[in-house]
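It should be emphasised that the depicted structure is a prediction, and the values quoted were computed from it without experimental measurement. Values reported hereafter were calculated over all heavy atoms of this structure, with side chains retained and with hydrogens, waters and symmetry mates removed. Sequence lines set the chain letters: A, B, ... in the order given, protein chains first and strands last, and positions in each chain run from 1.
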2 protein chains.
Amino acid sequence: MERWEEALAQAGYRVTVPRRVVAAVLSEADTPCSAQVVFELGKIRYAGLGLVTVYRTLALYESLGLISRVHVHDGCHGYLATTPGHRHALICTRCGRSVEFLGQGDLDLLIARLEKRTGYRVQEHLLQLFGLCSGCRGTDE
Amino acid sequence: MERWEEALAQAGYRVTVPRRVVAAVLSEADTPCSAQVVFELGKIRYAGLGLVTVYRTLALYESLGLISRVHVHDGCHGYLATTPGHRHALICTRCGRSVEFLGQGDLDLLIARLEKRTGYRVQEHLLQLFGLCSGCRGTDE
DNA sequence: CCCATATTGAAAACTACTATCAAAAACAAC
DNA sequence: GTTGTTTTTGATAGTAGTTTTCAATATGGG
């Protein structure tokens, strides 16, 4: 929770109530949240919160690398807090609960091979896995 | 180009002018196209084309596995023709040109390890790489 | 505590996408 | 070919998600 305020201050942004609220919501959620959901959860903590501010704050946090915008199958974007380092998401398609993980080495190999073959120079990547968490698998299998 | 018509017929769908136009646009594009772009490029070939039909056709082709909806950084969705088999995209961040590739084995290892650790059962994944193609690297490096 | 400035929230604007429905086209049977 | 049934289409209108604008407000340095 301190992490967010520090990052803001360090980058010269003010630490405000709405920004603290959005940070709180995101750092507690273990599911990618749409802007709308962040807005609703945020209003519980601070009734005056505006949707516009949520969008702005999400964009700000994303630019600071505090959260990442992930692709969600139906809606479009979900926002997820990122712990430092490059991480990927494993998302349960039933309950939406997600786990982050580092997937460095494995991709490095793939990327190196690909760069050689295509002539591209890879800078970034988006890796998201979808499946069922142990809870949601329930009786199947 | 035949591939599209066959797939439609085989699944019991009619082969129509708009569907042929969308297929033509997508099979020629080597860049993920938004619905809007498909619409505009499509109208060049067939002025009567409607945007609604483009959306419907894209959804149809996606359900047939002929294209995949990829995550594009700014807009949201881009559509890209998929050659049979499971493929991923490597997209140039400057010119948008993209290359498809198979990334099976590498991920399998990662996925297996992850399943053991998290208890999740992985069903699907989304992998997109972003970088610069040889043309766009130009003078840098 | 005060002030300059960053930040906010409401309303309106804009874009992406979806539902509705009568008209048009595709395919199959003749 | 022609006909008829059914799918498909495109225009309009509607909904959802996101951005712009701008006066009011809150922040942090002095």
Report task. Calculate, to the nearest 0.5 Å, the distance between atoms OG and CG belonging to B:S27 and B:L66 respectively. Result -> 10.5 Å
Query raised in the report: Between OG1 of B:T57 and OH of B:Y79, what distance do you get to the nearest 0.5 Å?
Result: 11.0 Å
Query raised in the report: Taking atom CZ of B:R69 and atom NE2 of B:H77, what is their separation to the nearest 0.5 Å?
Result: 3.5 Å
Can you name the atoms? Protein N/O to nucleotides 26-30 of chain D N/O, anything below 3.5 Å, with the distance.
unit_1, atom_1, unit_2, atom_2, d
D:dT27, O2, A:R14, NH1, 2.5
D:dT27, O2, A:R14, NH2, 3.2
D:dG28, OP1, A:V15, N, 3.0
D:dG28, OP1, A:V15, O, 3.4

Query raised in the report: Rounded to the nearest 0.5 Å, how far apart are CG of A:L64 and CD of A:E6?
Result: 13.0 Å
Query - Gap between atoms CG and P, on B:L60 and D:dT8 respectively (whole Å) - result: 8 Å
Query - Spacing of OH belonging to A:Y61 relative to CZ belonging to A:R56, to within rounding of 0.5 Å - result: 13.5 Å
Review item, side-chain donor-acceptor pairs of residues 8-16 of chain A, under 3.5 Å, at least two apart:
unit_1, atom_1, unit_2, atom_2, d
A:T16, OG1, A:R19, N, 3.4

Query raised in the report: Within the distance-only criterion (no hydrogens, no angle test), does the side chain of B:S68 pair as donor or acceptor with the backbone N or O of B:V70 below 3.5 angstrom?
Result: no
Report summary line: Which of B:I91, B:L80, B:L90 passes side-chain contact (heavy atoms from CB on, under 4.5 Å) with B:Q128? It is B:I91
For nucleotides 14-17 of chain C, give me every protein contact, N/O to N/O, under 3.5 Å, one pair per line with atom names.
unit_1, atom_1, unit_2, atom_2, d
C:dC17, OP1, B:H77, ND1, 3.4
C:dC17, OP2, B:Y55, OH, 2.6
C:dC17, O5', B:Y55, OH, 3.4

Report task. Quickly work out the B:K43 NZ to D:dA11 C1' distance and round it to whole Å. Result -> 13 Å
**Report entry** Separation of atom CD in A:E62 from atom P in D:dT19, rounded to whole Å
**Finding:** 11 Å
Report task. Please test A:L132 against B:V122 for side chain to side chain contact (heavy atoms under 4.5 Å, CB included), starting from the C-alpha separation and ending with a verdict. Result -> CA-CA 7 Å; A:L132 288 174; B:V122 175; over 6 Å; no
Query - Overall bend - the helix from C:dC1-D:dG30 to C:dC30-D:dG1, comparing terminal axes fitted on five pairs, nearest 10 degrees - result: 40°
**Report entry** Closest contact, heavy atoms only, A:H125 versus B:L129
**Finding:** CB-CD2, 3.1 Å
Query raised in the report: Of all heavy-atom pairs between A:P32 and A:S98, which one has the smallest distance, and what is that distance?
Result: CD-OG, 3.9 Å
Query raised in the report: About how many Å separate OH of A:Y46 and OG1 of A:T53, when rounded to the nearest 0.5 Å?
Result: 8.0 Å
Please list, pair by pair, any protein nitrogen or oxygen found under 3.5 Å from a nitrogen or oxygen in nucleotides 20-25 of chain D.
none

Report task. Not counting sequence neighbours, which residues clear salt bridge (Lys or Arg N to Asp or Glu O under 4.0 Å) with B:R45? List them please. Result -> B:E28
